[in-house]
There are 2 protein chains.
Amino acid sequence: MNVVKVGVLGFGTVGAGVVSCLLANKDVMARRTGVGIELAGIADLDTESDRGVKLPPGILTHDAAGLIAKVDVVVELIGGSGVAKDLILMALEAGKPVVTANKALLAEYGEELFAAAEKSQADIYYEASVAGGIPVIKALREGLAGNRIEKIVGILNGTCNYILTKMEEEDADFSTVLKEAGRLGYAEANPSLDIDGVDTAHKLAIMASLAYGEWFGMLPVSVEGIRDIDLRDLRFAAELGYRVKLMGIASNDGGDVSLRVHPTLVPKHSILADVSDVFNGVVISGDYVGEVFFHGKGAGREPTASAVVADIVDVALNLESGSHRRVPAFRVGRQFAGVAPLNRLRCRYYIRLQVEDKPGVVAAVSSILGEHFISISSILQREGQSSYNVSLLIVTHEALEANLSKALAEMGALECVQEDIRLFRIEDI
Amino acid sequence: MNVVKVGVLGFGTVGAGVVSCLLANKDVMARRTGVGIELAGIADLDTESDRGVKLPPGILTHDAAGLIAKVDVVVELIGGSGVAKDLILMALEAGKPVVTANKALLAEYGEELFAAAEKSQADIYYEASVAGGIPVIKALREGLAGNRIEKIVGILNGTCNYILTKMEEEDADFSTVLKEAGRLGYAEANPSLDIDGVDTAHKLAIMASLAYGEWFGMLPVSVEGIRDIDLRDLRFAAELGYRVKLMGIASNDGGDVSLRVHPTLVPKHSILADVSDVFNGVVISGDYVGEVFFHGKGAGREPTASAVVADIVDVALNLESGSHRRVPAFRVGRQFAGVAPLNRLRCRYYIRLQVEDKPGVVAAVSSILGEHFISISSILQREGQSSYNVSLLIVTHEALEANLSKALAEMGALECVQEDIRLFRIEDI
């Protein structure tokens with residue numbers, strides 16, 4: 001049996017998971033693939049701390065470059081876009097295939113990395129960059145390759161989903177739950193990448209690129225996070241039969257592609273409404289397959305390791321069969337005209353206004369909506385609130401975002417409107 | 001751009017879907033893969049009927065052998081195990097890669113076909129054989145390749161799932177709903193393959209083979225269908241918080257593998273309980289990935305075409321990169337000791353007895369259970385039923401099937417027990 005030597009760069013949480021998996025399931029993989037997959041070395045600045053994995057002697061090193069030189073596959077699990085990027089480029093320049101879980105690096109420097117890979121005819125695999133252990137990159141790249149992708153809707157960030165789930169379940173506000181998430185290790189000390197939607201946008205950009213044939217990066221993605229989510233809106237949404245989820249959405253909008261990340265209302269009976277806690281869920285809609293839904297653990301040591309090791313297996317099969325670049329890391333083949341701006345979006349909306357409870361308020365608000373061709377699907381103002389500050393809820397029929405923005409500006413200028421108006425898009429998938 | 005010539009054998013429902021997809025999405029596939037995928041011919045006995053697909057001239061033929069000879073990939077969509085098998089063997093002997101959706105053929109003659117493929121170093125791909133458009137074969141074979149598979153639980157037959165969903169929703173009995181399903185085209189004129197669980201067993205055997213490294217065929221699978229499902233049990237299950245689904249289950253049972261198809265109670269909050277109508281759902285549980293859930297359309301012209309075309313794309317990439325047999329159709333690498341007999345199963349059970357309503361009945365029944373080490377989790381006998389024939393429901397804690405069988409036999413012999421005892425296994429995934 002031929003042996004493929006694997007070098008792991010970065011021995012943090014995911015690195016330890018990958019090493020554990022490579023050691024524990026070596027025999028299964030060999031039987032499945034006919035190739036021996038051998039852990040040849042692990043490079044990290046810290047070669048002392050115990051990561052809870054029993055290692056063969058002499059496997060840890062400070063010398064990443066030396067490790068790259070002696071292995072067949074380089075697995076980058078350092079994270080960030082500094083040394084990780086340099087080492088990936090070093091590996092690619094040496095013609096070594098690279099496996100990475102680094103979504104931020106890919107989303108921001110994908111084109112540069114893919115160009116380097118093409119130049120030396122090496123592979124980059126990145127299943128673990130999106131949705132943890134769920135094989136959704138492979139599904140988009142291969143399993144659904146015969147489809148025009150109409151839409152991708154994903155709950156892609158476990159931290160945000162945990163926070164929104166707990167806010168709803170425990171009727172607790174954002175900052176309380178964020179603190180709890182931090183204590184439990186579900187949120188980082190600086191949670192901005194997660195709660196401001198950036199991590200979701202990275203993952204969405206990667207999936208959309210595979211679906212629509214252009215490496216998007218972050219620029220064309222409209223991003224809104226969950227930092228300002230008000231518990232009142234979760235309560236009202238629940239009453240109306242919805243849940244709030246942070247979603248990344250890529251869709252074919254009449255030949256253009258729309259890319260957006262924002263908190264979204266989904267009907268409680270929707271398959272995405274049941275994606276709770278730190279789980280991830282993705283619906284991919286294709287012209288032949290219809291809607292396919294994937295659900296699983298989107299982060300964590302073991303699930304991420306599963307995805308990284310699947311990529312290592314793919315690389316090992318490529319090396320064994322001499323088929324490098326069989327599925328290029330990314331092949332440009334643009335399948336859309338342009339990027340649709342957010343104001344071109346058409347969907348249903350949830351609007352909450354805080355208004356004075358006095359005659360003419362509903363008339364004023366609804367006439368502004370009417371003037372902008374926005375039709376009201378349901379409207380709710382509850383008795384028994386303070387007459388100075390009453391919640392007025394409106395759910396619209398499908399409307400154009402550009403019109404809605406104008407209407408919101410006009411409504412915001414009404415004297416009877418007390419606070420910033422809250423707006424959520426509704427996703428009826 | 002290199003061109004791969006595709007020959008389609010069988011121009012029925014799925015054949016027409018595949019041809020439609022190859023023609024409609026040729027440009028997308030070419031951009032994604034860098035390979036031109038060209039429909040070179042379609043062989044069928046009927047070259048006259050309109051299948052609703054506009055064909056290039058001269059593409060239809062009666063001459064399957066001639067078509068096989070002139071193409072690079074052979075796509076078998078005839079079904080059955082007669083001419084389909086002969087033509088697949090003819091293609092393999094000529095060293096041509098084969099794509100098939102034929103689960104019955106694979107489940108029954110897989111070993112023979114794989115041996116022929118190995119002899120001539122040709123590939124067989126069969127994504128469409130299980131769960132329609134959901135790329136679950138690729139997930140098991142590649143996307144989760146680093147995992148030891150602990151369990152596969154699947155709702156794999158759309159006809160059965162449609163019938164059970166409608167029985168529950170419409171409070172209608174099996175034969176009424178079966179007739180309705182026939183009228184709507186969801187059940188065949190002879191529905192036995194579906195409703196007796198055989199089709200589910202075919203699909204389970206294929207997935208389990210990939211997971212556990214031995215081509216199982218049908219022999220080791222315990223199979224029970226839904227023909228005898230009594231509406232009363234769906235009602236009682238609903239009251240207790242369960243739904244009834246026909247499931248195929250493969251699991252690692254202490255080093256042995258357990259393979260079974262039977263109607264199963266799932267808690268309503270379970271992710272599999274929401275798989276309704278003709279949809280399919282599969283949970284794969286691996287030691288690193290945890291539980292991954294896949295959901296989508298499990299049958300039909302377009303979803304099945306999506307899976308067939310994904311295989312064609314894989315074959316085209318293999319041909320382009322010269323990597324045939326990169327992922328062999330099936331690699332023997334047994335990862336279990338033996339097949340666990342059903343009486344070794346441990347799970348929770350739902351038992352319904354029809355009993356006389358008289359003193360001592362519950363005592364007699366529960367003492368038999370106790371003697372066989374079966375602990376009762378809940379017991380329910382409702383007031384106001386006929387005193388000659390009362391439903392007595394028992395849900396057990398986890399128990400051994402062998403003990404349960406003995407207890408059932410003893411309970412069945414009690415004078416107070418009026419009808420055959422109904423038993424359902426409960427799946428708490």
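Order of the sequence lines sets the chain letters (A, B, ...), proteins ahead of strands, with each chain counted from 1.
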For the interface with chain B, which of [options] has the highest count of heavy-atom pairs at distances below 4.5 Å?
| options | result |
| --- | --- |
| A:Pro328, A:Gly333, A:Gly296, A:Gly213 | A:Gly333 |
| A:Asp287, A:Thr304, A:Val309, A:Val313 | A:Asp287 |
| A:Ile312, A:Leu22, A:Ile284, A:Asp27 | A:Asp27 |

At a heavy-atom distance under 4.5 Å, which candidate from [options] has the highest pair count against chain A?
| options | answer |
| --- | --- |
| B:Lys26, B:Lys297, B:Arg148 | B:Arg148 |
| B:Gly146, B:Gly300, B:Gly281, B:Ala305 | B:Gly146 |
| B:Gly17, B:Ala310, B:Ala145, B:Cys21 | B:Cys21 |

For [X] and [Y], work out which heavy atoms get closest and say how close.
| X | Y | result |
| --- | --- | --- |
| A:Thr33 | B:Arg331 | O-NH2, 2.6 Å |
| B:Ala139 | A:Pro135 | CB-CG, 4.1 Å |
| A:Ser306 | B:Val289 | OG-CB, 3.4 Å |
| B:Gln335 | A:Arg32 | OE1-NH2, 3.5 Å |

- Item | Close contacts, residues 314-327 of chain A versus chain B, judged by heavy atoms under 4.5 Å |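 Only A:Asp314, A:Leu317, A:Asn318, A:Ser321, A:Gly322, A:Ser323, A:Arg326, A:Val327 of residues 314-327 of chain A have a heavy atom under 4.5 Å from chain B.
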- Item | Residues of residues 117-132 of chain A within contact distance of chain B, non-hydrogen under 4.5 Å |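 Listed by number, the contacting residues are A:Tyr125.
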Roughly how far, to the nearest 0.5 Å, is the [atom2] atom of [Y] from the [atom1] atom of [X]?
| X | Y | atom1 | atom2 | answer |
| --- | --- | --- | --- | --- |
| A:Glu214 | B:Arg31 | CD | CZ | 11.5 Å |
| A:Lys138 | B:Lys138 | NZ | NZ | 4.5 Å |
| A:Ile271 | B:Ile271 | CD1 | CD1 | 7.0 Å |

- Just wondering, more than 12 heavy atoms not from B:Lys5 lying within 6.0 Å of its NZ?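 It does not: B:Lys5 NZ has 12 such atoms or fewer within range.
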- Message: With a sphere of 6.0 Å drawn around OH of A:Tyr186, does it hold more than 12 non-hydrogen atoms of other residues, nucleotides or ligands?
- Response: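 Result for OH/A:Tyr186: open.
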- Step-by-step side-chain hydrogen bond (donor to acceptor under 3.5 Å, both in side chains) determination, B:Asn147 to A:Asn25: CA-CA 7 Å; B:Asn147 290 265; A:Asn25 289 354; 5.7 Å; no
- Query: Quick check: does any side chain N or O of A:Tyr288 sit under 3.5 Å from a backbone N or O of B:Ser20, one acting as donor and the other as acceptor?
  - Reply: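 At least one qualifying donor-acceptor pair exists.
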- Chi angles and distances behind the ring pair (Phe, Tyr, Trp, His ring centres under 6.0 Å) call for B:Phe293, A:Phe294: CA-CA 6 Å; B:Phe293 173 59; A:Phe294 303 84; 9.8 Å; no
- Item | Set of salt bridge (Lys or Arg N to Asp or Glu O under 4.0 Å) partners for B:Glu291, sequence neighbours left out |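 Residues passing salt bridge (Lys or Arg N to Asp or Glu O under 4.0 Å) with B:Glu291: none at all.
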- Walk me through it: do A:Glu142 and B:Asp311 pass the test side-chain contact (heavy atoms from CB on, under 4.5 Å)? CA-CA 8 Å; A:Glu142 303 163 33; B:Asp311 279 349; over 6 Å; no
- Query: Is it the side chain or the backbone of A:Leu140 that comes within 4.5 Å of chain B heavy atoms, both, or neither?
  - Reply: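 Neither part.
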- salt bridge (Lys or Arg N to Asp or Glu O under 4.0 Å): pairs with one or both residues in residues 269-280 of chain B, sequence neighbours excluded: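 For residues 269-280 of chain B, and leaving out neighbouring residues, the salt bridge (Lys or Arg N to Asp or Glu O under 4.0 Å) pairs sorted by first residue read B:Lys166-B:Asp277, B:Arg243-B:Asp274.
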- Non-hydrogen atoms of chain A under 4.5 Å away: do they reach the side chain of B:Ala307, the backbone, both or neither?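 Neither part; nothing is under 4.5 Å.
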